[in-house]
Amino acid sequence: MAPAPRRARAPVIAFAAAGLLLAGAAFVAGRYVAPAGRSSGGPTVVSFQQVTDSPGVETQPTISPDGRTVVYAAGASGSSHIYSVHVGGRNAVGLTADSRFNDSQPAFSPEGERIAFRSERDPGGIFVMSATGESVKRITDFGYHPAWSPDGREIAVSHGTFFSPTDRATRADGLSAVDVATRVRRVVVGVGDAMQPNWSPHGTRIAYWGLRAGGQRDLWTVAADGSEAATGGVSVTDDPAVDWSPTWSPDGTFLYFSSTRGGPMNLWRVPIDEASGRTRGAAEPLTTPSNWSGYYSISRDGTKLAYASLDWRSTLLKVAFDPAREAVVGPAVSVLKGTRTIRDHEVSPDVQSVVFTEIGAQEDVIVARIDGTHYTRLTDDAFRNRSPVWSSNGQRILFYSDRSGSYQMWTVRPDSTELTLIPTPRIAVSIPAWARDGRVAFSELPKAGTPGGWYILRPGESGGTLELQPPIDATNFFWPLAWSPDGTRLAGGIQGPSGMRLGVLTLASRQYVTQPGSANWLAMAWLSDGHRLIVRDGRGIWIVYPDTQVWRQLITVGGYVGGRSVGLSRDDKWITYTETGTEGDIWIATLKKEK
């Protein structure tokens, strides 16, 4: 059904590269008839239709007001372009396929004649083109996820973007509205993380989602005229579920959104008062036949809802490595094939086991033998259990989890006993790194109005000593990810305005060595000599001399790069990494108004 031009299966556009973390969808091809369900005056879903089925990932759909055309983003080999397909047709048309820049995040105008989109055309910003891909013009040199006002005069934009609603940790405060004709910009939200604006049908409010302190993902609505810019508007959700992708119903009585509140990432709606932005009842599910769905768009008459589905299966591989020759030896061997996503992993000090995070309806920590046997679940609950690492003697595993109400560090034995909290009061932990002498370095999830910071926890009685580390500067944030074997240096990512760079901090001198280039995320591990790193970025796996900025590629591998997606055995003889196979398609749900 409506394939885009043929391309490689590996995902490369932003959503596909890292928005895979909650995948695990079981696809249902063709049409699916939903069981009848009733709600108070709201629509019911009567059928589902798959619109695209090309290899790879199609995402970020926007449906035309008449419900006849869907425009979406898709790409391969580092590119992203915008395509159009008639609902029920088979031939997709590339609207920006001739562009040498990445184009994504399309949005139909209210009359259906224009499409706003994000482009990386230097400098990146928001552009508008005709519905046929012609007459491209720049509107801004900033902004993401454009949303049209109902009268077509303004476009609301967020000040930052995201790859996955679950992985975001860097805030992007504020929403702006830009006049399409004059390009005059005004503030809608001044302070407060704000993503994916969506204008209410009568133009009174704008819905969005963002990060609360501690990393919780919730929905808000704000007055479109900017009168609530200082407060960020009215909260719609406030609970541990991941809530994102808000979309107003055409009559303004419901707010549709994607949420994990029922388990997998799926479609929900909440009755709402458009004038005040306050909810009128509890949220309720409208389950799609995918275990992951998001990026919703609704036709003018409210009968067609377009959305993106996503399915990701990952394999953990190991490959022999010769550190003297700086070369891999022989082919990679599969260790684990997950039915869900494998994100973080680390090989045990004795090279006999691997600990990893498996993510789907749950996020759990699991240990298995390096040959794939003796699969032991260390957590099995509804909490988000992430980023496990081994102690130097292999007797305990450290991870972070929201099981205490906020993200804190925990340890557990490899046999799943002695689960123990390591408290860091009022600090929300992210991605801890465990040194061989017991010190723990970790970054702090952002708080309201601040970019967060990073800490070193020194072991000792009564929880040890927690030390806030000096920032690099006002615009660059350090993610400590890997201790050198002797504990004198920390390698990590330096997050700045242009992306993430590799950085190495020498603790004694407080000096950072930074590397050229940028990436969305980097994963890394030190070789035992403490002078070389194994680093994974979006292009592959490298051996890196951080002091001389020499990079030599070892393995070409694409797919998801996040958390700890590359590892190295303590004896330097094995490199481990995850490889992903991904499929994402556009679907349409047909809705029927209840009487």
* Determine whether the side chains of Thr161 and Gln105 contain a donor N or O and an acceptor N or O closer than 3.5 Å. => yes

* Would you please classify the geometry between the Tyr256 ring and the Phe254 ring as parallel, tilted or perpendicular, with 30° and 60° separating the classes? => tilted

* With no hydrogens and no angle check, is any side-chain donor or acceptor of Glu274 less than 3.5 Å from a backbone partner on His202? -> yes

* Is there a side-chain contact between Glu58 and Val51, using heavy atoms and a 4.5 Å cut-off? -> no

* Sole residue of Trp244, Trp209, Trp268, Trp292 in side-chain contact (heavy atoms from CB on, under 4.5 Å) with Ser258 -> Trp244

* What's the spacing between Ser387 OG and Tyr400 OH if we round to 0.5 Å? -> 6.0 Å

* To do: Answer with yes or no whether the side chains of Thr253 and Asp251 bring together a donor and an acceptor at under 3.5 Å.
  => yes

* To do: Indicate yes or no: at least one non-hydrogen side-chain atom of Ile298 is less than 4.5 angstrom from one of Pro250.
  => yes

* Answer yes if the side chains of Trp410 and Ser401 hold a donor-acceptor pair under 3.5 Å, and no otherwise. => no

* Asked: Residues in ring-ring contact (aromatic ring centres under 6.0 Å, His included) with Tyr144, at least two apart?
  -> none

* Among all residues two or more places apart in sequence or in another chain, which pass the ring-ring contact (aromatic ring centres under 6.0 Å, His included) test with Trp220? -> Tyr208

* **Ile126: which of Val180, Asp141, Val157 passes side-chain contact (heavy atoms from CB on, under 4.5 Å)** => Val157

* **Residue pair Asp238 / Gln216: nearest heavy atoms and the distance that separates them** => OD1-NE2, 2.8 Å

* Quick check: are there more than 12 heavy atoms from other residues, nucleotides or ligands sitting under 6.0 Å from CZ of Arg68? -> no

* To do: Keeping the roles fixed (side chain from Ser80, backbone from Asp103), state whether a donor-acceptor pair exists under 3.5 Å.
  => yes

* Are Pro65 and Pro110 side-chain neighbours, meaning at least one heavy-atom pair lies under 4.5 Å? -> no

* So does Arg186 pair up with Glu154, basic N to acidic O under 4.0 Å? -> yes

* Check against side chain to side chain contact (heavy atoms under 4.5 Å, CB included), Glu358 and Asp364 -> CA-CA 6 Å; Glu358 191 175 67; Asp364 286 317; 5.6 Å; no

* Residues forming a side chain to side chain donor-acceptor pair (under 3.5 Å) with Asp381, sequence neighbours excluded -> Asn385, Arg403

* Output the distance between atom CZ (Phe127) and atom OG1 (Thr96), rounded to the nearest 0.5 Å. => 11.5 Å

* **Any donor-acceptor N/O pair, Glu228 side chain to Val222 backbone, under 3.5 Å** => no

* Indicate the ring-plane relationship of Tyr307 and Phe48, choosing parallel, tilted or perpendicular according to the 30° and 60° boundaries. => perpendicular

* By salt bridge (Lys or Arg N to Asp or Glu O under 4.0 Å), which residues pair with Asp344, not counting sequence neighbours? -> none

* **Qualifying residue, where the test is ring pair (Phe, Tyr, Trp, His ring centres under 6.0 Å) with His145 and the options are Phe162, Trp199, Phe117** => Phe162

* Asked: Say you draw a straight line from OG of Ser130 to CG of Leu95; how long is it, rounded to the nearest 0.5 Å?
  -> 8.0 Å

* Structure fact -> Between Arg261 and Thr237, the two heavy atoms sitting closest are NH2-CG2, 3.9 Å

* Pair Thr590, Lys304: side-chain N/O donor-acceptor within cut-off below 3.5 Å -> yes

* **Heavy atoms of other groups near Arg280 CZ, more than 12 under 6.0 Å** => yes

* **Ser293 side, atom OG; Trp587 side, atom CH2 - distance, nearest 0.5 Å** => 11.0 Å

* To do: With sequence neighbours excluded, tell me which residues meet ring-ring contact (aromatic ring centres under 6.0 Å, His included) with Tyr296.
  => none

* Give, for atom CG of Leu267 and atom OG1 of Thr287, the distance between the pair rounded to the nearest 0.5 Å. => 8.0 Å

* Any donor-acceptor N/O pair, Ser245 side chain to Gly294 backbone, under 3.5 Å -> no

* Output yes when a side-chain donor or acceptor of Thr52 lies under 3.5 Å from a complementary backbone atom of Ile586, and no otherwise. => yes

* To do: Look at the side chain of Thr379 and the backbone N and O of Val365, then say whether any donor-acceptor pair between them is shorter than 3.5 Å.
  => yes

* Consider only side-chain N and O atoms of Thr247 and Asn198, and report whether a donor and an acceptor are under 3.5 Å apart. => no

* Between Gln60 and Pro106, is any pair of side-chain heavy atoms under 4.5 Å apart? -> yes

* Would you call Val178 and Phe142 a side-chain contact if the rule is heavy atoms closer than 4.5 Å? -> yes

* Structure fact -> Closest non-hydrogen atoms of Met500 and Leu522, given as atom of the first, atom of the second and distance, are SD-N, 3.6 Å

* Asked: So, Asp402 and Arg386, do they make that salt bridge, N to O below 4.0 Å?
  -> no

* Any side-chain heavy-atom pair from Arg114 and Trp148 closer than 4.5 angstrom? -> yes

* Asked: Do Ser176 and His159 meet the criterion of a side-chain donor-acceptor pair at a distance under 3.5 Å?
  -> yes

* Residues in ring-ring contact (aromatic ring centres under 6.0 Å, His included) contact with Phe442, at least two apart in sequence or another chain -> Tyr455

* **Minimum heavy-atom distance between Ile155 and Ala116, given as atom pair plus value** => CD1-CB, 3.9 Å

* To do: Begin from the C-alpha positions of Trp479 and Ile431 and carry the test side chain to side chain contact (heavy atoms under 4.5 Å, CB included) through to its verdict.
  => CA-CA 8 Å; Trp479 295 83; Ile431 315 181; 4.2 Å; yes

* How far apart are the closest heavy atoms of Ala207 and Pro246, and which atoms are they? -> CB-CB, 3.9 Å

* Below 4.5 Å, heavy atoms only, C-beta onward: do Leu481 and Trp521 meet side chain to side chain? -> yes

* Structure fact -> One should read off an interatomic distance between Met195 CE and Ser158 OG, to the nearest 0.5 angstrom, of 4.5 Å

* Structure fact -> Heavy atoms of Ala308 and Thr59 approach each other most closely as CB-OG1, 3.8 Å

* Determine yes or no for a side-chain-to-main-chain donor-acceptor pair under 3.5 angstrom, with Ser443 supplying the side chain and Ser430 the backbone. => yes

* To do: State, yes or no, whether a side-chain contact exists between Thr221 and Trp248 at a heavy-atom distance under 4.5 Å.
  => yes

